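Only this structure's heavy atoms are used, side chains among them; waters, hydrogens and symmetry mates stay out. Counting starts at 1 for both ligands and their atoms, following the listed order. Bear in mind the structure is a predicted one, so any value in this text is a computation, not a measurement.
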Amino acid sequence: ETLDKGLEKSSRSFFDKIGRAIAGKSKVDDEVLDNLEEVLISSDVGIETTLKIIKKIEERVARDKFMNTSELDQILKEEIMNLLAENKSSDSEFEIPQDKKPYVIMVVGVNGVGKTTTIGKLAYQFKQQGKKVILGASDTFRAAAVDQLVIWSERVGVPIIKQSMGSDPASVAFDTVQSAQAQGADVVLIDTAGRLHNKVNLMNELSKIKRVMQKVIPDAPHEILLVLDGSTGQNAFEQAKQFTTATDVSALAVTKLDGTAKGGVVIGISDQFKIPVKYIGVGEKMVDLQPFNKYEFVDSFFK
Ligand code: GDP
């Protein structure tokens, strides 16, 4: 229910647009396909992924010789689902293996995308599952970032490791994993600075954090979660490109889908970067983070 509500804007807009794309037409022809292409692009699915979907539908029309516009919803749904399945966009949240304790999740992304909020929401979910969670405030460049994370740690009721502003992010990460290990914590969530002005700096900073954590836990981080703001369309694609070249992103969280009518960005990003979308943010509250489920997600667009 939260999901449907969170994606309400996207689904209503998508549904209306599809309706207009086929208005007065009974057969899927070139004009309908052109309209459909526009619908997908204007929903931020992205050009490449849109063309891929249109091509699949064209192939089906060519094969079956004829397609009714009334079938288009169902066929589009199938093709989008196939794309998400092809790219392993997961139907599950992070699984915390018993034999990797603590499980270290490093969270990356540009400032303002909802990184801190996502960490807070994840901490809440893990805690609800009975797991012992520790936060590491490695975004030491903005005082506000540490303050925000402290607020989340109090709200959720999980400890946080921090140092003074301007201290070495890698040193905070080191302290955090060490403390997590000493306390027998299950999950560590490490916040990082989201400065993208220089790719080499970003790359160096993230690899230093990794290297230093590995002195305590050799295979850490177990996940690198990239947070993207779903309401920023092409910017989100651009950020995904930058971060995936700077580090080994293993999972994506797409936030603020409640505030946009362009939820199609999730489909395009998952397709183009071949990295599973694990979570979607559909609001500002602690409970407003959903494990990404491709069936529910696609369904909500056709309701
Ligand atoms: P950070 O700079 O990346 O750490 O971003 P923050 O976590 O501080 O979030 C920036 C703003 O976005 C805050 O006002 C959050 O409440 C808001 N925000 C984060 N995630 C979501 C979401 O899924 N939906 C909505 N509507 N707002 C969100």
Proximity flag Gly283 to ligand 1, non-hydrogen atoms under 4.0 Å: yes
Heavy atom of the protein closest to atom 16 (O) of ligand 1 (residue, atom name, distance): Glu284 OE1, 2.5 Å
Contact (N/O only, under 3.5 Å) between Asn111 and ligand 1: no
Polar contact flag for Asp288 and ligand 1 (N/O pairs, less than 3.5 Å): no
SB check Asp147 Arg142 (cutoff 4.0 Å): no
Electrostatic pair Asp175:Lys162 at N-O distance under 4.0 angstrom: no
Salt bridge present between Lys56 and Glu59 (N-O < 4.0 angstrom): no
Pair Tyr279 + Phe94: ring centers closer than 6.0 Å: yes
Enumerated ligand 1 atoms positioned under 4.0 Å from heavy atoms of Gly281: 23 (O)
Part of Val110 within contact of ligand 1 (heavy atoms, under 4.0 Å): backbone
Salt bridge Lys210-Glu205, side-chain N to carboxylate O under 4.0 Å: no
Lys121, portion touching ligand 1 at heavy-atom distance under 4.0 Å: side chain
Any side-chain donor near an acceptor of the partner, Gln183 and Ser179, under 3.5 Å: yes
Heavy-atom gap Val282 to ligand 1 smaller than 4.0 Å: yes
Check: Phe14 main-chain N/O paired with Ser43 side-chain donor or acceptor under 3.5 Å: no
Shortest protein contact, atom 24 (N) of ligand 1 (heavy atom only): Asp258 OD1, 2.8 Å
Min N/O separation Leu257 to ligand 1 under 3.5 Å: no
Arg142 contact mode with ligand 1 (heavy-atom cut-off under 4.0 Å): side chain
Thr116 N/O to ligand 1 N/O under 3.5 Å: yes
Nearest-0.5 Å distance, CZ of residue Phe174 to CD of residue Gln163: 11.0 Å
Protein contact of atom 11 (C) of ligand 1 - nearest heavy atom, named by residue and atom, plus distance: Lys256 NZ, 4.0 Å
Asp29 bridged to Lys25 by N-O distance under 4.0 Å: yes
Heavy-atom nearest neighbour in the protein, as seen from atom 3 (O) of ligand 1, with distance rounded to 0.1 Å: Lys115 N, 2.8 Å
Ligand 1 contact by Gly112, heavy-atom criterion under 4.0 angstrom: yes
Nearest non-hydrogen partners of Gly264 and Phe301, listed with the distance: N-CZ, 4.0 Å
Lys9 with Asp258: basic N within carboxylate O range, under 4.0 Å: no
Side chain, backbone, both or neither: the part of Thr117 lying under 4.0 Å from ligand 1 by heavy atom: both
Heavy atom of Gln148, distance to ligand 1 below 4.0 Å: no
From Ser231, Gly120, Gly114, Ala144 - option closest to atom 5 (O) of ligand 1 by heavy atom: Gly114
